[in-house]
Amino acid sequence: MELAKNSVVAVKGGARVTGPSRVEEMRSTAAGQGEEALKDVVCGSLAGIVGKYIEYPFDTVKVRLQSQPDHLPLQYSGPLDCFKKSLNRDGFFGIYRGISAPLVGAAVETGCLFFSYRLAQDAVKAAGIYPELAKHPEKDLPYSAMLYCGAMSGAVTSLFLTPIELVKCKIQVPLEISGVGLRKPGILSIIASIYRHQGLKGYWHGQLGTLIRETGGSAAWFGGFEGMKLLFKKYNLKSGSAKDDLPVYQRLVAGAVAGMSYNFLFYPADTIKSRMQTEDVKAIAGGKSSFGAVGRAVWKQHGLAGMYRGCGITVARSVPSSAFIFTVYEELKKRWPEQQAALERVILDPKYHDALSLVKGIRNGIVYGTKVRFPHALVMIVLFRSGSLRTKAWLVFKATRQHARNLALFSLVYKSSMLFFKRTSPTGKERHYDSFLAGLIGGYTIFGRTIHNSVSQQIVVYVFARVCLALAKLAVQPRGVGKIEGGGGGMGLIPNEQLRREVVRNAWPAFASLSWAAVMYIFRWHPETVQPSLRSSMSYIYVQSDEWDSLRTFIWHNK
């Protein structure tokens, strides 16, 4: 008993005591790490979105300058000329064309950068390289270690960023088609084109350029910010201000310096990457467009000026963008406890309960529908459907999306109807038949009008089978008070207790036998009426097993 209380675990060389206080400490540490990760991702993503809206017009001009064709004369003489021609040709909103992918990219990039930067710092501290930090883990790492952590965070982020930047660059630089003019493809068509011509690896075309730019650039980005913060802290200390938290204007300046350092030092890698990613996918399919080959071509044709073409506008846009990214990130993190407390006050306020229950119902419908349908669709479609891997993946996605959406919408309609009936009830309470009416409305709205949808059919058939089983149990159960307050017991259709027990004992064998007898008869003589997925699986087992023409089609594959 004492051993169980104290949780003493014997190990080689002695005993390790992991009492309740230690377990609670470990749980608290894990929860704290999880909350810190959430703060890094959320605050970094929001800061990245703000920064992207500021810098996107400049980024469009930068990409168009970098990706000009090799022949002379150049299409644009400089940033202002490019901006003017872009406005005349595409209008103001044309400068923001394709911003949806970059917004996702900005959220992913900035969230990953801050998250992986903190993880790298924690890893360096835990490695014991700096013994003084073991006693004082709250202290900052040395400046050289911060540069290393920044480089690590950039390397990790580049893996997520390359596919997003590839799509962004192709949207920002429309292709010229002879006799047609500019072709302005959408995001989905670009994604499909890359996969069609280059496969899955095509999404990481230009990865080396992104890796070099992000690894070195992130070291310069975080290094510039942390370096300026150290200088400002020394300056403030000399001025008599010993506050550890810098004023907003000083953080803005530090962020601006970080942005300029990031963009200037490794700009040639970004130029080569943009040139690679804006080439026509068809032109490089099956060919070789390497980082070194593109770099040598740019250097040979335009020299150092070609490597830094568009650098001025890039550095200029990085000043406000990077300044706001760091400032917004730190301000959001600083106010996180207040925002979290305010949000919890809202979600725990009884007057918002009904509305929030609708939101929670939608969320649960999506999660449950995805968890249930995805593995089922994956197995059924991969095993029993013909077609390419891409076609099968699309069918799995469609089935999963349909199921998740159906359950989410049904939850919304059902719970909304229940709230309406409750509010309009004379007593202000739920009536006995309200759930039936709400289910009727939801069933008709979501499932009743989609007879040709196989996913909806499966859900309805599944529900109907469960209803039949439940009604059969209710029919033989004696009358009485049910488990739920206000609900009755069984229907009591069989008053004789001995007969009721016999029915209960023999009902399932009879039900199972008749069900299989009926379904096999219908499948044999009226297969077109059987639900598609059931018909497919039954055909695989019972029909295709009758035919083979070789050892291969007998053992490994159907004919």
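By convention here, the first residue in the shown sequence is residue 1.
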Between [Y] and [X], is there a salt bridge with N-O shorter than 4.0 Å?
X	Y	answer
D354	K422	no
D40	K333	yes
D349	R345	no

For the backbone of [Y] and the side chain of [X], can you confirm whether one donor and one acceptor N or O come within less than 3.5 Å of each other?
X	Y	result
T162	L159	no
D434	R431	yes
S45	A107	yes
S425	F421	no
S416	V413	no
S513	P509	yes
S539	V543	no
R535	V530	yes
Y521	H526	no
R213	L208	no

Got a second to check how far [X]'s [atom1] is from [Y]'s [atom2], nearest 0.5 Å?
X	Y	atom1	atom2	result
E547	F554	CD	CZ	13.5 Å
N406	I446	CG	CD1	7.0 Å
Y53	L103	OH	CG	4.5 Å
R373	M380	CZ	CE	9.5 Å
L412	S417	CG	OG	9.0 Å
I272	T210	CD1	OG1	11.5 Å

Tell me, with the steps shown, if V503 and I494 meet side chain to side chain contact (heavy atoms under 4.5 Å, CB included). CA-CA 9 Å; V503 171; I494 306 177; 3.8 Å; yes
Distance-minimising heavy-atom pair for [X] and [Y]:
X	Y	result
Y329	G44	CD1-N, 3.6 Å
K415	G361	CD-CA, 4.3 Å
S218	L113	OG-CD2, 3.3 Å
I362	A408	O-CB, 3.6 Å
G48	T110	CA-OG1, 3.3 Å
G387	K392	O-CE, 3.6 Å

Counting heavy atoms not belonging to [X], are there more than 12 under 6.0 Å from its [atom1]?
X	atom1	value
F160	CZ	no
F410	CZ	yes
R385	CZ	no
F374	CZ	no

As a quick check of understanding, evaluate side chain to side chain contact (heavy atoms under 4.5 Å, CB included) for E430 and M418, giving each step before the final call. CA-CA 8 Å; E430 178 188 342; M418 289 293 290; 3.4 Å; yes
Centre of Y462's six-membered ring, under 6.0 Å away, within 45 degrees of the axis: is that where NZ or CZ of R466 sits?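 Yes, a cation-pi geometry.
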Is the distance between the ring centroids of F114 and W221 under 6.0 Å?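 Close enough - the centres of the two rings lie under 6.0 Å apart.
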Contact check, side chains of [X] and [Y], non-hydrogen atoms, under 4.5 Å:
X	Y	answer
W508	L469	yes
V108	L161	no
V50	I325	no
L166	I190	no
Q458	H376	yes
L38	W336	yes
I459	H403	yes
S550	T553	yes

Please determine, by modelled atom types, if [X] and [Y] share a side-chain donor-acceptor pair under 3.5 angstrom.
X	Y	value
S411	N364	no
T391	S388	yes
S321	E55	yes
S158	Q207	yes

Tell me every residue that passes side chain to side chain contact (heavy atoms under 4.5 Å, CB included) with V367, counting only those two or more places apart in sequence or in another chain.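 Here the qualifying residues are R363, K371.
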Does the side chain to side chain contact (heavy atoms under 4.5 Å, CB included) test come out yes or no for L389 and V382, once each step is laid out? CA-CA 8 Å; L389 180 61; V382 170; 6.0 Å; no
Can you list the steps and then say if S545 with Y540 is a side chain to side chain contact (heavy atoms under 4.5 Å, CB included)? CA-CA 7 Å; S545 59; Y540 183 86; over 6 Å; no
